[in-house]
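These notes concern the structure reproduced below.
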Amino acid sequence: MIDRFNIAADILKLDAPIRQKLQRPEKQIVVNFSIVLDNGIEQNFEGYRIIHNTALGPSKGGIRYDTEVNLEEVKALAAWMTWKSAVTGIPFGGAKGGIICDPKAHSKRELEKITRAYTKSLSDIFGPEKDVPAPDMGTGPDEMGWLMDEFSQVHGKTVHGVVTGKHLHAGGSLGRVEATGKGVSIITLLAIEQLKLRPARSSVAVQGFGNVGIHSALFLYEKGLKVVAVSDVSEALYNPEGINIPELILYYNLNNKSIKGYPNSVTIQHEELLLLEVDVLIPAAKEDVITRTNAASVRAKIIVEGANGPVSSDADTILHANNVLVVPDILANAGGVTVSYFEWLQNTLIEKWGVNRVNRQLENILEKSFKSVFKTATKYNVTPRIASYILALQKVAETQSVKEVALVTNNYKLN
């Protein structure tokens, strides 16, 4: 994150004070709490909430439950949320949270206790006008519902807008579950158009078959693209004639959320999927899967980053030299925060939007953002990634500077 930030900051000639301010989070909160497990044993947990920046509005960002959660990761993810909101014009700042735990190792009851204890520890940090969490790796609508309920209990009233990604009956928005994947597919189609390729003749490989990967693959399949490879943690599948994605999703749901053993394909190595000769590669699993060690072997024409940070900064240079178009995460997977904003807005206005309105406005925002990024890339002769950072940094830095001038301006008149 800092590598890309510094390149954009140099181009914009940001002053040292504002550069330093935007490199660092506004707040770093570490919480420690215990719950009693189902077996009666008390277990301790550590959690984080990082508020990176609030210049553009309340901070916004997911909460992940994972054994690999650490402070540096959460800080980087929080900063990415700031840039993601800025580049799409969403009036939010950036935040991220996490708890060090394995959600698969805990019962629903235990996960509820973990979520409620974490929420209680941060009840003075969260708030619809302050900091708005959302789902991330290892969390979903259940956790967001528990968070909203606990926050509401602490504050003595129902506060729907404190969190997004909730169940529909708890104030969630239509279109939110599939929003990130739909956004990735919208951006993919725009990138294909940018390179003057034909969707009906384009092939796609999707790494990761979680929420983002599933919906990305499904929407692109429905648009007529040939999805030739997909993978999850258990297996990587390949079929040069194309995989029937609705059929695979049905198999996945009936097979304990795993694609392992799906019959209408061949099994390949996970690393092979990243190196297939396809038009579009969508890494939608985790960070740093394309690095300097394998970047030169990537044969895709376009990489659309469904995950956060799947392409390392040193791999960017290699891919650019090889004419691989990389659409960066802060643009490519911004569908989630965009529809989160719509959910927050509906909660605030006490409204309920139809799914067609949600999808139409999502497409409008992402299409405008895509055009702005590529116009900026041409203007500065930089990659779309650096162009995204230039747009985001410029917007946040200008707003931050105006706010700071207002803080030091005297509020009185001299006699």
Side-chain angles (χ1 to χ4, degrees), residues 64 66-68 102-104 137-138 178 180-181 184-185 187-188 191-192 202-312 315 318-319 322 324-327 329 332-333:
R64 56 176 51 186
D66 190 73
T67 54
E68 301 299 317
D102 178 3
K104 293 181 179 177
M137 185 189 301
E178 64 270 28
T180 308
V184 168
S185 68
I187 293 294
T188 299
I192 286 171
S202 297
S203 56
V204 185
V206 181
Q207 184 211 30
F209 210 63
N211 180 271
V212 178
I214 285 173
H215 289 105
S216 300
L218 179 60
F219 288 123
L220 291 172
Y221 174 88
E222 289 174 347
K223 290 291 183 180
L225 282 79
K226 188 189 292 184
V227 182
V228 298
V230 299
S231 68
D232 65 4
V233 293
S234 67
E235 200 158 80
L237 306 174
Y238 176 64
N239 184 338
E241 300 305 314
I243 296 170
N244 185 316
I245 298 301
E247 182 182 88
L248 178 60
I249 291 172
L250 179 62
Y251 178 88
Y252 169 86
N253 287 326
L254 294 173
N255 193 41
N256 198 28
K257 305 291 182 182
S258 171
I259 65 172
K260 189 175 180 64
Y262 176 70
N264 300 324
S265 60
V266 296
T267 303
I268 59 173
Q269 296 297 313
H270 281 85
E271 313 85 65
E272 282 183 70
L273 182 142
L274 299 170
L275 310 179
L276 290 172
E277 190 171 350
V278 291
D279 295 300
V280 183
L281 170 63
I282 300 175
K286 55 189 290 187
E287 66 275 2
D288 288 337
V289 296
I290 299 173
T291 64
R292 70 172 129 192
T293 59
N294 64 356
S297 302
V298 170
R299 293 185 289 169
K301 296 184 180 74
I302 303 167
I303 295 175
V304 181
E305 294 186 318
N308 290 313
V311 177
S312 69
I318 299 167
L319 293 168
N322 290 344
V324 179
L325 173 62
V326 180
V327 186
D329 45 13
N333 64 33

Next on the checklist: Can you give me the closest heavy-atom contact between Pro310 and Ala307, atom names plus distance?
Outcome noted: CD-O, 3.3 Å
Item to check | Note, Phe219 side chain near Glu178 side chain (heavy atom, < 4.5 Å) | outcome: yes
Item to check | Side-chain touch Asn294/Leu274, heavy atoms, less than 4.5 angstrom | outcome: yes
Next on the checklist: Restricting to non-hydrogen atoms, name the atom on Ser202 and the atom on Asp279 that form the minimum distance, rounded to 0.1 Å.
Outcome noted: CA-OD2, 3.1 Å
Next on the checklist: For a 4.5 angstrom cut-off between non-hydrogen side-chain atoms, does Ile290 reach Ile303?
Outcome noted: yes
Next on the checklist: If you count heavy atoms of other groups shown closer than 6.0 angstrom to CZ of Arg299, is the number above 12?
Outcome noted: yes
Next on the checklist: Test your reading of the model: is there a side-chain donor-acceptor pair from Glu235 to the backbone of Thr267, 3.5 Å cut-off?
Outcome noted: no
Checklist entry - Judged by atom type as modelled, is there a donor-acceptor pair below 3.5 Å linking the side chain of Glu305 to the main-chain atoms of Asp329? => result yes
Checklist entry - Where is the tightest heavy-atom contact between Gly306 and Asn333, given as atom of each residue plus distance? => result O-ND2, 3.1 Å
Checklist outcome for this item: With sequence neighbours left out, the residues meeting side chain to side chain contact (heavy atoms under 4.5 Å, CB included) with Glu68 are Asp66
Item to check | Donor-acceptor side-chain pairing of Ser234 and Asp232 below 3.5 angstrom | outcome: yes
Item to check | Test applied, side-chain contact (heavy atoms from CB on, under 4.5 Å); reference residue, Tyr251; option that passes from Asn255, Leu254, Asn253, Ile249 | outcome: Asn255
Item to check | Heavy-atom closest contact (Gly208 atom, Ala285 atom, distance) | outcome: CA-CB, 4.0 Å
Checklist entry - Once you round to the nearest 0.5 Å, how far does CG of Leu225 lie from CD1 of Ile245? => result 11.0 Å
Item to check | Side-chain heavy atoms of Tyr262 within contact of Ile243, under 4.5 Å | outcome: yes
Checklist entry - Do the side-chain N and O atoms of Asn239 and Asn264 include a donor-acceptor pair separated by under 3.5 angstrom? => result no
Checklist outcome for this item: In this structure, CG of Asn244 is separated from CG of Leu250 (nearest 0.5 Å) by 10.0 Å
Next on the checklist: Does any part of the side chain of Leu276, heavy atoms only, come nearer than 4.5 Å to the side chain of Ile268, both counted from C-beta?
Outcome noted: yes
Next on the checklist: Could you walk me through whether Leu237 and Leu248 satisfy the side-chain contact (heavy atoms from CB on, under 4.5 Å) test, starting with their C-alpha distance in whole Å, then the side-chain angles of each, then the deciding distance to 0.1 Å, before giving a yes or no?
Outcome noted: CA-CA 10 Å; Leu237 306 174; Leu248 178 60; 4.1 Å; yes
Next on the checklist: Looking at every non-hydrogen atom in both residues, tell me the closest pair between Thr291 and Asp288 and how far apart they are.
Outcome noted: CG2-O, 3.7 Å
Item to check | CG-OG distance between Asn322 and Ser297, expressed to the nearest 0.5 angstrom | outcome: 9.5 Å
Checklist entry - At what distance, to the nearest 0.5 angstrom, does CD of Gln207 lie from NE2 of His270? => result 8.0 Å
Next on the checklist: If I take atom CD from residue Glu271 and atom OG from residue Ser231, how far apart are they, to the nearest 0.5 angstrom?
Outcome noted: 10.0 Å
Item to check | Test log, rule side-chain contact (heavy atoms from CB on, under 4.5 Å), inputs Val280 and Leu220 | outcome: CA-CA 11 Å; Val280 183; Leu220 291 172; 5.7 Å; no
Item to check | Within-4.5 Å side-chain heavy-atom neighbours: Thr180 and His215 | outcome: no
Next on the checklist: Measuring from atom OG of Ser185 to atom CD1 of Ile282, what distance do you get when rounded to the nearest 0.5 angstrom?
Outcome noted: 8.0 Å
Checklist outcome for this item: For Val327 and Ala332 the tightest heavy-atom approach is O-CB, 3.8 Å
